[in-house]
Amino acid sequence: MTHHPGRDVSLQVSRLPHSARTLVVAAYVLLAGAVTLDVTTDPQWTLSPVLATAPVLASIGTRRARVPLTVGMSALVLVPVLALADPDVPLSAHLTSGFTVLAITSISTANVVLVATRERELGQSRSVAEAAQRALLRPPPERIGGMRTAVRYLAAAAEARVGGDLYEALATPFGTRFLLGDVRGKGLAAIETAADVLGTFREAAQVEADLAAVAGRLNAAMTRRRAGEEFVTAVLVGVTESGGPARMVNCGHLPPLLWREGRVTEIESPVPEPPLALLGLVGGPYHCRDFAFEPGDMLLLYTDGVTEARDASGRFYPLAERLALMPEAAPDVLLDRVVADLLAYTGGGLSDDAALLAVRREG
C-alpha cells in the first residue's frame with residue numbers, strides 16, 4: 001500500500017501462483033485419466049481410491065466451502081459407477097473408497113471454512129489498524145514555514161499492511177520541526193508505540209527551545225513504556241523562517257539526504273547516537289548538528305524500508321545515487337518519481353514498510 005494525502009494504492013500478489021495452478025491442472029488431468037483407465041480396463045482391479053484427491057484439489061486456492069463440497073459429492077457419485085465397471089473387485093474395496101471420499105470431502109470443506117474465517121478476522125483487524133494508522137499519521141501541510149513538504153508511506157506487500165513508520169511536521173514558536181521515525185515491530189503494538197512518540201513530539205516540540213531536549217523527552221517517554229527490546233529510530237530536524245542553518249538530531253536513524261543543484265550528500269551526526277529508549281545505555285544527552293539548508297535545497301528523510309529494498313539479484317536500492325539522477329522538481333513530484341523508481345527496482349513488492357518525507361526550502 002502506498003499512502004499519502006489523497007491516494008492509497010495496494011500492492012497485491014496472486015492468491016495462487018501460476019506454477020501452483022499448473023500443478024493443480026496436471027493433477028486434475030491425472031485424476032480424469034485414472035477414472036477413464038478404470039472404466040475401460042480389467043474389471044478385476046479398481047482405481048476408485050484416487051477419487052479422494054478430488055475435494056483436496058478443489059479446496060486449493062478457494063475460500064468458498066461449496067467448491068470442495070460439490071466436487072467431493074461428485075466424486076462420491078463416481079464410486080458406484082466404478083463399482084459397476086469393476087464387478088470382480090470386492091464390495092468392501094468400493095465401500096472403503098466411498099467412505100474415504102466422504103471423509104476427505106468433510107475435512108477439505110472444514111479447512112476452507114476455517115481458513116476463510118481466519119482471513120476474514122485478520123482482514124477486520126488490519127482494517128481497524130489501518131484506520132488507526134491513518135488517523136495517527138496526519139498528512140503534513142503542503143506549505144509550512146516557508147517550505148514545501150510531501151510524504152509517502154508504502155507498506156510491505158509480504159507482511160501485514162500496518163507498520164511502525166511515523167512522520168510529523170509542526171509549526172512551533174522555535175520554527176518548523178520535522179520528525180521521521182521507525183518503530184521496531186509491526187501491527188497494533190507498533191501503532192501504539194508510534195502514537196506515544198508522536199504525542200510526545202507534538203507536545204515537546206512546542207515548548208522545548210532546544211531540539212536535543214525534544215529528543216531527550218522522546219527518549220524518556222520511550223524508556224518509561226519500554227517493553228522487552230522495543231525501541232524507535234528517529235531523526236528530528238528544525239528550520240527557522242529567519243534563515244540560517246537547520247538543526248538535526250539523529251537518534252540512531254539513517255542520515256537524511258540533502259539535494260542541492262543536482263548533488264546529493266548525507267547529513268551525518270557529529271557522533272553516533274542511540275535510538276529512542278536506549279540513550280541510558282551510553283549516558284549523556286542527544287546532540288544537535290547544524291547544516292546549511294538554503295533556498296532551493298531539498299531535504300529527504302526516509303526509513304530503511306527504502307534503502308534495504310532489493311532487486312531480483314539481491315542488491316539494495318541506491319537511494320542517494322538514484323536521487324542525484326532525478327530532475328529538479330517539487331517535493332510531491334519528486335517523491336512520486338522515487339516511489340515509481342523504487343517499485344520498478346524491486347519488481348513491485350517491498351519486504352518492509354517504507355516512509356519518505358521531502359522538504360524543500362523556498363526562496
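- Leu343 and Leu334 fall within a single hydrophobic cluster, where Ile, Leu, Val, Met, Phe, Trp and Tyr are joined by side-chain heavy atoms under 4.5 Å apart, directly or via other members.
- For the atom pair OG (Ser351) and CD (Glu308), the distance works out to 7.5 Å, reported to the nearest 0.5 Å.
- Here the side chain of Asp290 pairs no donor or acceptor atom with the backbone of Pro245 at under 3.5 angstrom.
- Hydrophobic clustering, with ILVMFWY side chains joined whenever heavy atoms are under 4.5 angstrom apart, groups Tyr345 together with Val338.
- The structure places CG of Leu69 at 4.5 Å from OG1 of Thr109, a figure rounded to the nearest 0.5 Å.
- No option in His253, Arg289, His287 other than His287 meets the side-chain hydrogen bond (donor to acceptor under 3.5 Å, both in side chains) test with Glu273.
- Shown here for Thr172 and Gly175, the closest heavy-atom pair between the two residues is OG1-O, 2.6 Å.
- Taking 4.5 Å as the limit, some side-chain heavy atom of Trp259 sits within range of a side-chain heavy atom of Glu328.
- Panel note: side chain Tyr302, backbone Pro255; a donor-acceptor pair is recorded below 3.5 Å.
- Looking at Thr62, its side chain never comes within 3.5 Å of a backbone N or O of Ala58 through a donor-acceptor pair.
- When side chains are defined from C-beta on, Asp210 counts as touching Cys288, because their heavy atoms get closer than 4.5 Å.
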>> One pair to check against side-chain contact (heavy atoms from CB on, under 4.5 Å): Arg148 and Val359. What are the steps and the verdict?
In response: CA-CA 6 Å; Arg148 297 184 66 179; Val359 181; over 6 Å; no

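- Val112 is not listed as a side-chain neighbour of Val67, based on a closest heavy-atom distance of 4.5 Å or more.
- You'll find the side chain of Tyr317 stays beyond 4.5 Å of the side chain of Asp311, heavy atoms only.
- Shown here for Thr233 and Gly252, the closest heavy-atom pair between the two residues is CG2-O, 3.4 Å.
- If you chain together hydrophobic residues whose side chains sit under 4.5 Å apart, Leu76 and Leu91 never meet in one group.
- Closest approach of Leu357 and Glu168 over heavy atoms only: CD2-O, 4.3 Å.
- Note on Val71: it does not cluster hydrophobically with Leu82, by side-chain heavy-atom contacts below 4.5 Å among ILVMFWY residues.
- For the pair Val214 and Leu236, the minimum side-chain heavy-atom distance is below 4.5 Å.
- Distance check, rounded to the nearest 0.5 Å: OG1 of Thr149 to CZ of Phe178 gives 6.5 Å.
- In this structure, Asp196 contributes its side chain and Thr193 its backbone to no donor-acceptor pair below 3.5 Å.
- The two residues Leu276 and Phe231 make their nearest non-hydrogen contact at O-CB, 3.4 Å.
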> Where do Arg152 and Asp332 land on the salt bridge (charged side-chain N to carboxylate O under 4.0 Å, His left out) test, with the steps shown first?
Replying inline: CA-CA 9 Å; Arg152 298 292 184 271; Asp332 197 64; 2.8 Å; yes

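- Within the 4.5 Å cutoff, side-chain heavy atoms of Leu254 are placed close to those of Thr307.
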> Where do Leu299 and Phe291 land on the side-chain contact (heavy atoms from CB on, under 4.5 Å) test, with the steps shown first?
Replying inline: CA-CA 11 Å; Leu299 188 66; Phe291 64 95; 4.0 Å; yes

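- The distance from the CZ atom of Arg143 to the OG1 atom of Thr176 is 13.0 Å, given to the nearest 0.5 Å.
- Classification of Arg63 and Glu119 as a salt-bridged pair holds, one side-chain N sitting under 4.0 Å from a carboxylate O.
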> Taking it one step at a time, do Leu37 and Leu47 satisfy side-chain contact (heavy atoms from CB on, under 4.5 Å)?
Replying inline: CA-CA 8 Å; Leu37 186 65; Leu47 292 175; 4.1 Å; yes

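- Using a 4.5 Å heavy-atom cutoff, the side chains of Leu257 and Leu323 are in contact.
- Both Met73 and Val79 are assigned to one and the same hydrophobic cluster, defined by single-linkage of ILVMFWY side chains at heavy-atom distances under 4.5 Å.
- Counting non-hydrogen atoms of neighbouring residues, nucleotides and ligands closer than 6.0 angstrom, the CD atom of Glu261 reaches no more than 12 such neighbours.
- No more than 12 heavy atoms of other residues, nucleotides or ligands lie within 6.0 Å of CZ in Arg64, so this atom counts as exposed by the packing criterion.
- Rounding to the nearest 0.5 angstrom, the gap separating the CG atom in Asp353 from the CG atom in Leu154 is 9.0 Å.
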> Can Asp165 and Thr303 be said to form a side-chain hydrogen bond (donor to acceptor under 3.5 Å, both in side chains), step by step?
Replying inline: CA-CA 7 Å; Asp165 291 2; Thr303 60; 3.0 Å; yes

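- Checked by atom type and distance alone, the side chain of Asn219 pairs as donor or acceptor with a backbone atom of Ala277 at under 3.5 Å.
- For the atom pair Phe293 CZ and Leu258 CG, the distance stands at 7.0 Å (nearest 0.5 Å).
- Side-chain contact between Asp86 and Trp45: absent, with no pair of heavy atoms (C-beta onward) separated by less than 4.5 Å.
- More than 12 heavy atoms of other shown residues, nucleotides or ligands fall within 6.0 angstrom of atom CD in Glu268.
- Summarising the geometry of Glu208 relative to Arg217, their closest heavy-atom pair is OE2-NH1, 3.0 Å, with the distance given to 0.1 Å.
- A salt bridge links Arg322 to Asp341: one of the charged nitrogens lies within less than 4.0 Å of a carboxylate oxygen.
- Scanning all heavy atoms of the two residues, the minimum distance from Ala204 to Arg177 falls at O-NH1, 4.4 Å.
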>> Before you tell me yes or no, could you show the steps for Leu335 and Leu300 under side-chain contact (heavy atoms from CB on, under 4.5 Å), namely the whole-Å CA-CA distance, both residues' side-chain angles and the distance that decides it to 0.1 Å?
In response: CA-CA 9 Å; Leu335 290 191; Leu300 182 63; 3.7 Å; yes

